[in-house]
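Accompanying notes for the structure given below.
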Amino acid sequence: MEGVVIRHQTVEVNGISMHVAKAGPKVDAKGAVLFLHGFPELWYSWLHQMEHLAIRGYHCVAPDLRGYGGTTAPLDVASYTPFHIVGDLVALLNTLGIAKVFLVGHDWGALIAWYMCLFRPERVTALVNTSIAFMRHIMIRTGPDFVNPIEYFNRAYGSNYYVCRFQEPGVAEKQFAPAHAKRLMRQLLCHCFSHGVFCDEEMDDNKFPTSPLPPWLTEADIDYFVTSFEKTGFTGAINYYRNLDKNCELAAPWADAKLQVPTKYIVGDGDITYNFEGIQEYIHDGGFKEDVPLLDEVVVIPGAGHFIQQERAQNISDHIYDFIIKF
């Protein structure tokens with residue numbers, strides 16, 4: 001998009017260095033939008049939405065989250081809880097002098113966005129979340145029948161399910177080695193997490209032969225991700241999954257909390273997260289609205305997969321703008 005410049009800077013926040021991409025007016029007259037990426041992505045996943053909103057007068061901020069890209073990746077697995085990551089984001093807003101934001105999340109970024117709206121709702125004007133709904137049973141220890149997330153995923157999908165395989169340090173790193181970044185990124189973005197396909201245990205060239213990229217993805221896009229993950233590896237990204245059980249314990253004080261932020265939720269009907277056991281009933285039959293009383297709209301996009309902000313870039317950009325312009 002003509003006239004939109006992406007600016008980059010590194011800021012010190014919450015004891016780490018964070019790489020941040022920005023676009024739009026430096027003075028956030030219409031408001032600031034904070035974009036949170038998922039696995040295995042970067043700030044770059046939001047490029048289309050940043051351009052769309054920047055040209056409409058919004059101050060856009062997209063960090064590489066802790067463990068990703070140009071942001072510090074602590075060695076300690078326990079340093080990747082939502083308290084750490086929301087702490088990074090609050091410190092980032094303080095450093096940038098931003099009091100409140102429109103928050104936009106995808107995948108793990110969506111989970112972090114839900115947590116941020118629970119922990120610090122006064123910093124969020126409105127939320128647009130994509131892919132992952134507010135899954136209290138995965139995010140927060142609740143009542144006596146609570147099952148830890150890893151046990152839940154083991155029961156539901158078996159020990160080969162990617163979330164379960166990610167738990168043992170070193171095992172996932174063999175598959176997700178930096179040297180495999182190019183093959184992995186092509187396979188993950190093109191073949192995984194959509195239309196019933198998880199992150200398969202064996203991701204080799206014979207299983208997913210190199211094929212033309214879908215029209216929404218370019219070789220330049222792939223190369224941007226590959227260059228980053230070849231440098232950093234994937235351990236920081238995988239460590240988010242290794243804290244799923246711990247996250248529930250830490251979030252227990254919010255066991256019965258409602259999420260009191262105006263919210264729009266968008267998901268592709270082919271996204272595996274929209275096909276989790278019982279999730280569609282939760283989203284459409286009242287449970288979601290009960291947990292998120294200010295839920296304004298649920299948008300299900302037919303034929304869309306997991307990486308929806310890239311796959312349906314214009315559609316998602318329009319949905320975000322149409323919602324935040326109300327505030």
Side-chain angles (χ1 to χ4, degrees), residues 1 4 6 21-24 30-65 101-114 116-117 124-134 188-190 192-195 213-218 220-222 224-225 261-275 279 283 288 292 295-327:
M1 189 175 292
V4 174
I6 303 295
K22 296 180 180 179
K30 283 194 172 181
V33 186
L34 178 61
F35 295 91
L36 307 181
H37 68 79
F39 172 88
E41 301 178 88
L42 300 163
W43 75 269
Y44 186 89
S45 303
W46 296 109
L47 181 61
H48 300 292
Q49 288 73 38
M50 293 177 72
E51 291 176 338
H52 185 84
L53 294 178
I55 208 165
R56 287 161 176 79
Y58 288 90
H59 180 66
C60 298
V61 180
D64 287 337
L65 295 179
V101 292
F102 296 107
L103 191 59
V104 181
H106 173 256
D107 187 75
W108 259 103
L111 275 174
I112 297 303
W114 294 125
M116 184 166 177
C117 289
V124 183
T125 301
L127 168 68
V128 179
N129 245 358
T130 67
S131 183
I132 294 182
F134 182 75
L188 287 162
L189 291 173
C190 300
C192 290
F193 309 124
S194 300
H195 310 294
L213 296 176
W216 53 270
L217 195 63
T218 69
D221 295 333
I222 293 287
Y224 190 92
F225 289 110
V261 172
T263 299
K264 183 174 190 174
Y265 170 71
I266 310 169
V267 66
D269 68 358
D271 192 327
I272 59 167
T273 67
Y274 186 63
N275 293 279
I279 195 68
I283 290 171
F288 194 13
V292 187
L295 180 65
D296 182 81
E297 187 179 4
V298 170
V299 178
V300 181
I301 299 180
H306 179 67
F307 295 99
I308 195 168
Q309 81 275 44
Q310 297 172 76
E311 181 182 343
R312 300 294 177 89
Q314 187 62 52
N315 201 350
I316 299 304
S317 297
D318 289 337
H319 274 299
I320 295 170
Y321 178 71
D322 290 346
F323 185 59
I324 68 176
I325 199 173
K326 299 177 181 179
F327 299 89

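Source: prediction; values computed, not measured.
Counting all heavy atoms, side chain and backbone alike, L65 lies closest to H37 at N-NE2, 3.0 Å. The minimum heavy-atom distance linking I272 with S194 is given by the pair CG2-N, 3.9 Å. When all heavy atoms of I55 and H52 are compared, the closest pair comes out as CG2-O, 3.4 Å. For the residue pair D271 and G305, the shortest heavy atom distance occurs at CB-O, 3.9 Å. Taking every heavy atom of both residues into account, P40 and L188 meet most closely at CG-CD1, 3.5 Å. Taking both residues in full, the closest heavy atoms of D269 and N275 are given as O-ND2, 3.2 Å, listed atom of the first, atom of the second, then distance.
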Under the side-chain hydrogen bond (donor to acceptor under 3.5 Å, both in side chains) criterion, do H106 and E41 qualify, and how do the steps go? CA-CA 10 Å; H106 173 256; E41 301 178 88; 3.0 Å; yes

Apply side-chain contact (heavy atoms from CB on, under 4.5 Å) to the pair I222 and L189, showing each step before the final yes or no. CA-CA 9 Å; I222 293 287; L189 291 173; 3.9 Å; yes

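Remark: the backbone N or O of C60 is not paired with any side-chain donor or acceptor of W46 at under 3.5 angstrom. Within the 3.5 Å criterion, the main-chain N or O of W43 finds a donor-acceptor partner in the side chain of D64.
Taking the six-membered ring where tryptophan is involved, the planes of W114 and Y265 are tilted, since the angle between them lies from 30° to 60°.
With no hydrogens or angles considered, a side-chain donor-acceptor pair links Y44 and D221 at under 3.5 Å. Inspection of the H306 and S131 side chains reveals an N or O donor paired with an N or O acceptor under 3.5 Å.
The distance from the CG atom of D107 to the CZ atom of F193 is 7.0 Å, given to the nearest 0.5 Å. Rounding to the nearest 0.5 angstrom, the gap separating the CG atom in L111 from the CE atom in M116 is 15.0 Å. Separating the CG atom in L47 from the CG atom in L42 is a distance of 11.5 Å, to the nearest 0.5 Å. Atom CZ of residue R56 and atom CD of residue E51 lie 11.0 Å apart, to the nearest 0.5 angstrom. Of the inter-residue distances, the one linking F323 atom CZ with I266 atom CD1 reads 9.5 Å to the nearest 0.5 angstrom. Between atom CG of residue N129 and atom OG1 of residue T263 there is a gap of 7.5 Å, rounded to the nearest 0.5 Å.
Legend: residues meeting salt bridge (charged side-chain N to carboxylate O under 4.0 Å, His left out) with K22, ordered by chain and number and at least two apart, are absent. Under the side chain to side chain contact (heavy atoms under 4.5 Å, CB included) criterion, A304 pairs with I301, I308, E311, R312, not counting sequence neighbours. Remark: I324 pairs with V33, L53, Y58, F102, V128, I320 by the side chain to side chain contact (heavy atoms under 4.5 Å, CB included) rule, at least two apart or across chains.
The only member of L295, V300, V298 that meets side chain to side chain contact (heavy atoms under 4.5 Å, CB included) when paired with I283 is V298.
Side-chain rings of W108 and F39 stay apart, their centers remaining 6.0 Å or farther from each other.
The pair K326-D296 counts as a salt bridge, with a side-chain nitrogen and a carboxylate oxygen less than 4.0 angstrom apart.
Between V299 and H319, some side-chain heavy-atom pair lies under the 4.5 Å cut-off.
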